[in-house]
Amino acid sequence: MSDRLGTVALMWQAHLRAPFPRANVGAVEMVMVDADIAGCVSVWLDNGGHLDAGRRSVLADRLDDLDAVLPLLAGHARDYYRRLRDLAELIKPGN
């Protein structure tokens, strides 16, 4: 397993054990942000570090959402979504 795959796998396991925060930020559906990135991470791991074009597009959109809302979050919610953003960044094509 490559270093990146191993890092993502370990971070993913930690993320799955974390309690889900109830956070609503404006028009951003945080449950969907979580679900969409979770799906991308899961597929990326299952496919040996590759995402299809549709998931790459979803990932880019959700990274934009997280960049907009992270400064508005605090405490556990901020930590949870920061880790999710870090995971998304690691699996983003070109990294």
Side-chain angles (χ1 to χ4, degrees):
M1 180 181 296
S2 77
D3 287 344
R4 192 163 142 214
L5 278 168
T7 298
V8 170
L10 287 173
M11 287 177 67
W12 182 236
Q13 289 306 310
H15 187 74
L16 290 174
R17 288 189 299 271
F20 181 75
R22 297 289 175 202
N24 292 315
V25 183
V28 177
E29 296 278 339
M30 299 306 288
V31 170
M32 290 308 301
V33 169
D34 182 68
D36 286 347
I37 293 176
C40 290
V41 171
S42 182
V43 167
W44 188 89
L45 287 167
D46 289 346
N47 288 338
H50 301 285
L51 289 177
D52 58 77
R55 285 186 180 87
R56 287 191 303 263
S57 177
V58 166
L59 188 66
D61 290 345
R62 294 304 176 234
L63 276 165
D64 288 344
D65 288 339
L66 285 174
D67 287 342
V69 301
L70 271 171
L72 306 173
L73 297 174
H76 172 65
R78 181 173 176 80
D79 294 342
Y80 183 94
Y81 284 105
R82 166 52 69 190
R83 182 178 46 251
L84 193 65
R85 196 212 178 282
D86 291 345
L87 278 162
E89 189 65 37
L90 279 168
I91 69 167
K92 184 171 78 173
N95 285 346

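As a basis for the values below, the full set of heavy atoms in this structure was taken, side chains included, without hydrogen atoms, waters or symmetry mates. Remember, predicted model here, so these are calculated numbers, not experimental data.
- Between atom CG of residue Asp34 and atom CG of residue Asp65 there is a gap of 12.5 Å, rounded to the nearest 0.5 Å.
- Counting only distance, with no hydrogens or angles, the side chain of Arg4 and the backbone of Leu90 share a donor-acceptor pair below 3.5 Å.
- Tracing side-chain contacts under 4.5 Å through hydrophobic residues (I, L, V, M, F, W, Y), one never reaches Met32 starting from Val28; they form parts of separate clusters.
- Of all heavy-atom pairs between His76 and Pro19, the closest is NE2-O, 2.6 Å.
- No continuous path of ILVMFWY side-chain contacts below 4.5 Å connects Leu51 to Val58, so the two sit in separate hydrophobic clusters.
- Nearest heavy atoms, Arg56 versus Pro93: CD-CG, 2.9 Å.
- Among all heavy-atom pairs drawn from Ala18 and Arg83, the shortest one is CB-NH2, 3.0 Å.
- Between atom OG1 of residue Thr7 and atom CG of residue Asp86 there is a gap of 11.5 Å, rounded to the nearest 0.5 Å.
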Could you give me the CA-CA distance, side-chain angles and deciding distance for Leu73 and Tyr80, then say whether side chain to side chain contact (heavy atoms under 4.5 Å, CB included) is met? CA-CA 10 Å; Leu73 297 174; Tyr80 183 94; over 6 Å; no

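- The minimum heavy-atom distance between Leu5 and Gly49, with the atom names listed, is CD2-N, 3.8 Å.
- Under the 30°/60° scheme for interplanar angles, the aromatic rings of Phe20 and Tyr81 are found to stand perpendicular.
- With respect to Asp67, the salt bridge (Lys or Arg N to Asp or Glu O under 4.0 Å) criterion is satisfied by exactly one of Arg85, Arg62, Arg82: Arg85.
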What verdict does the side chain to side chain contact (heavy atoms under 4.5 Å, CB included) test give for Gln13 and Leu16, after you've listed the backbone C-alpha separation in whole Å, the side-chain angles of each residue and the deciding distance to 0.1 Å? CA-CA 5 Å; Gln13 289 306 310; Leu16 290 174; 4.0 Å; yes

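- Annotation for Glu29: atom CD does not count as buried by contact number, only 12 or fewer foreign heavy atoms lying within 6.0 Å.
- Follow the hydrophobic side-chain contacts under 4.5 Å out from Leu66 and you reach Val31 in the same cluster.
- Shown are Val41, Leu84, Leu10; of these, the side-chain contact (heavy atoms from CB on, under 4.5 Å) with His15 is made only by Leu84.
- The main-chain N or O of Ala38 is never found under 3.5 Å from a side-chain atom of Ser42 such that the two would form a donor-acceptor pair.
- Of the inter-residue distances, the one linking Cys40 atom SG with Asn47 atom CG reads 11.0 Å to the nearest 0.5 angstrom.
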